[in-house]
Novice: 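If you scroll down you'll find the structure; I have some questions about it.
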Amino acid sequence: MQIPFDNSYARLPDRFFTRMTPVPVREPHLIAFNAPLAAELGITPADDTTLAQVFAGNQMPEGADPLAQAYAGHQFGGFSPQLGDGRANLLGEVVRDGHRVDIQLKGSGPTPYSRMGDGRAWMGPVLREYVLSEAMYALGIPTSRALAAVATGETVYREPGAMPGAILTRVAASHIRVGTFQYLAARRDTDGLRALYEHVIDRHYPEATDPADLLSRVIDRQARLVAQWMSVGFIHGVMNTDNTTLSGETIDYGPCAFMDSYHPDTVFSSIDRQGRYAFSNQPNVIVWNMAQLATALVPLMPDADAAVEAFTEIVHAMPALTQSYWRQAFGRKIGLTEATPADETLITDLLSNMAHGQADFTNTFRALGDGTAREQFSDPALFDDWESEWRTRLEQEHEPHALMRAVNPVVIPRNHRVEQMIDAAVAGDFAPFERLNHVLARPFEPDPDAADLRRPPQSSEIVHQTFCGT
Ligand code: AMP
Ligand code: MG
C-alpha cells in the first residue's frame, strides 16, 4: 500500500522526539478502515491483511519516519516536565489539497516516554475514540479523525480485567500540544522553542505575525472549539495542557462523553474527583490552559516584562470571546440567527429549566424545532413560561425552524450505546460498532431505523463513569 508521506516534524531538532518503530504485535486483525478518509488522503487501498499489518505497526509503509513525540503538561493542574507519546507513534504526515495531517498509531507499544505504562490500549477506548471522533467530525466540530482500528491478538490488563488489545490510527492537523511548548520552555530551550514556533506558524497559522499574535489566534480557535463542545453537550474529561492542541482540534479522546439529561456539573471521568473538567467548567479550564501556553511563549519575546503584560491582556480577553461563541452557538440552537447579549438570559433560562426538569440535552434542543420540547421536561410547566418569551423573540426571525433542524443533531453517541457497543465488540460482535458509525455519520437527518439510538438511557442503562483506559 502507498501513503504519500512528507514528514516535516521528523525534520525538526531530534531532541523533540525519539525516532523508533512501533513494537510489532502478535496477530493483527483489521476491525475498521475508514476508506473515504483514506481516499481523501491519497492512500491507496490494500487487502485487509496488509491494512492490518500496516495499521498495527508490524509493517512500515514506504516513506514513513516513525517517531514518538516528546511533550510535557499540566495534569489536573500539576506540572509534569516529561510526558510524551507513551503509547503512540507518529508514522509521518500527508499533505492533501494544501492541508498537512499526521498519521499516528495509538496503542503501538512502549516508548522511552511510557513511564510505568505498557504502551498499549484495549479495544474499549480504541473503539470509543473511533466512534466519538468520527461523530464529532460529522457534527462539524474540529477533531482528529479515525483512519483504522486493528485488534492486536494480544491481551491487555486494565480495570475491567484481561481485555483484547487494539490500536487506533488517527489523523490530526498535528499532535502539537500546549505541552509541547511547555516541554521546551521547562528546559529553557529557547532555540527549540523558536524552531517549534516557526513550525507551528508554517503549519497552522501562516498569517500570524509574532508570538502574541499566535497566542491570540490559538485562543480564538480554542474558544470556538469549547463553545462547540458545549453546544452538543460534550465533556472532554481530561483537558490537561498536554491534551490541548495548537491546531484547535479536539484530540485525546479518553473518558470523554456526551451528556444525556442536562446538568452543568456533569462529570463522567472516574479520575476527575473535584470536577475540574465538569461540563460547565470547560470554558474556565481552557483559559487556564491558554495562560500556560502564554507562559511558555514568553522566552520568544525580546522583553519579558512587556510580554507578560501583553499576554495577560490577551488571555484575560478570552472569557468574553468564549462567551460570544457560546452565545452564537446556543442562539442558533434556539432558532436565533444572530444572538445578542440581550438574548443570553433566554438561553440560560432554558438551560436552568432543563437542569431542573431533567430534560435530555440533545432531544430537547431537537424537539424545539419540531414543537415537542415540552414533553422532555419532568415538569412541563418549566417549559411553558419560557416558551411564551421565546415565541415572542422568534417573531423577529425568518426561518427559525429550519435553522434549529440544521444545527441540533438528532443523534449523538450516547454513553450507554457506546458501552453496549464495546461489550459486544469484546464478545466478537462488531455490528453495533458499524451501525453506530453508519448512523452517526448523518447526525442531523432523522433515520426511522435508528430511533433506538435517539432514546436516552433507561435508569438501568445509565453509565455514570467513564475511564481513561490507560
Ligand atoms: P492521557 O491522559 O491519555 O492523555 O495520557 C497522559 C500520558 O500518559 C501520556 O504521556 C501518555 O502517552 C501516557 N500514557 C497513557 N496510557 C499509557 C500506556 N498504556 N502506556 C504508556 N503510556 C501511557
Ligand atoms: Mg494525552
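One-based numbering along the sequence shown. Counting starts at 1 for both ligands and their atoms, following the listed order. As the structure is a prediction and not an experimental result, all values here were calculated from the model.
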Novice: Among D6, D202, N7, whose side-chain hydrogen bond (donor to acceptor under 3.5 Å, both in side chains) with R100 holds?
Specialist: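 In the set D6, D202, N7, the residue that makes a side-chain hydrogen bond (donor to acceptor under 3.5 Å, both in side chains) with R100 is D6.
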Novice: With a 3.5 Å cut-off and no angle check, do the side chains of D102 and S174 form a donor-acceptor pair?
Specialist: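 There is no such pair (donor and acceptor under 3.5 Å, judged by atom type) between the side chains of D102 and S174.
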Novice: Flag G86 as yes when one of its N or O atoms lies below 3.5 Å from any N or O atom of ligand 1, and as no otherwise.
Specialist: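 Indeed, backbone or side chain, G86 has an N or O that close.
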Novice: Which ligand 1 atoms, with their elements, are less than 4.0 angstrom from a heavy-atom of N243?
Specialist: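 In order of number, 4 (O).
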Novice: Heavy-atom pairs closer than 4.0 Å: do any link ligand 1 to the side chain of Y71, the backbone, both, or neither?
Specialist: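 Looking at Y71 and ligand 1, just side chain atoms fall under 4.0 Å.
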Novice: Scan residues 420-439 for pairs that pass salt bridge (charged side-chain N to carboxylate O under 4.0 Å, His left out), counting only residues two or more places apart or in two chains.
Specialist: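 Applying salt bridge (charged side-chain N to carboxylate O under 4.0 Å, His left out) to every pair that reaches into residues 420-439, excluding sequence neighbours, yields R435-D452.
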Novice: Give the atoms of ligand 1, by number and element, whose distance to some non-hydrogen atom of G84 is under 4.0 Å.
Specialist: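 Result: 9 (C), 10 (O), 11 (C), 12 (O).
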Novice: Relative to the heavy atoms of R120, which atoms of ligand 1 are at a distance of less than 4.0 Å?
Specialist: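 Listed by number with element, the hits are 19 (N).
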Novice: Under the side-chain contact (heavy atoms from CB on, under 4.5 Å) rule, collect the residues that match up with Q465, sequence neighbours excluded.
Specialist: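 Per chain and number, Q465 pairs via side-chain contact (heavy atoms from CB on, under 4.5 Å) with S270, F467.
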Novice: Any nitrogen or oxygen of D118, main chain or side chain, under 3.5 Å from a nitrogen or oxygen of ligand 1?
Specialist: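 For ligand 1, there is an N or O atom that lies under 3.5 Å from one belonging to D118.
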Novice: Provide the protein N, O or S atoms situated under 2.8 Å from the Mg ion (ligand 2); waters are not included.
Specialist: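 Near the Mg ion (ligand 2), the protein supplies N243 OD1, D252 OD2.
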Novice: Do the side chains of Q53 and M1 get nearer than 4.5 Å, heavy atoms only?
Specialist: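 A side-chain contact under 4.5 Å is absent here.
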Novice: R158 near ligand 1, heavy-atom distance under 4.0 Å?
Specialist: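 It does, in that a heavy atom of R158 comes within the 4.0 Å cut-off of ligand 1.
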Novice: Considering only heavy atoms from C-beta outward, does the side chain of E207 approach that of D213 to under 4.5 Å?
Specialist: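 Not touching, per the 4.5 Å side-chain cut-off.
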Novice: Is there at least one pair of N or O atoms, one from V238 and one from ligand 1, spaced under 3.5 Å apart?
Specialist: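 For ligand 1, there is no N or O atom that lies under 3.5 Å from one belonging to V238.
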Novice: Has ligand 1 got any nitrogen or oxygen that is less than 3.5 angstrom from a nitrogen or oxygen of D85?
Specialist: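 Such a contact does not occur with ligand 1.
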Novice: Does the residue R115 have a heavy-atom contact with ligand 1, meaning some pair of atoms that are separated by less than 4.0 Å?
Specialist: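 Contact check R115 vs ligand 1: positive.
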Novice: Short question: side chain of D97, backbone of H99 - any donor-acceptor pair under 3.5 Å?
Specialist: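 Such a contact is absent between D97 side chain and H99 backbone.
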Novice: Not counting sequence neighbours, list each pair that qualifies as a ring-ring contact (aromatic ring centres under 6.0 Å, His included) and has a residue in residues 186-239.
Specialist: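 Non-adjacent pairs meeting ring-ring contact (aromatic ring centres under 6.0 Å, His included): Y9-H199, W229-F234, W229-H236, F234-F258.
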Novice: Under a 4.5 Å cut-off applied to non-hydrogen side-chain atoms, are P283 and M230 in contact?
Specialist: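 Yes, their side chains come closer than 4.5 Å.
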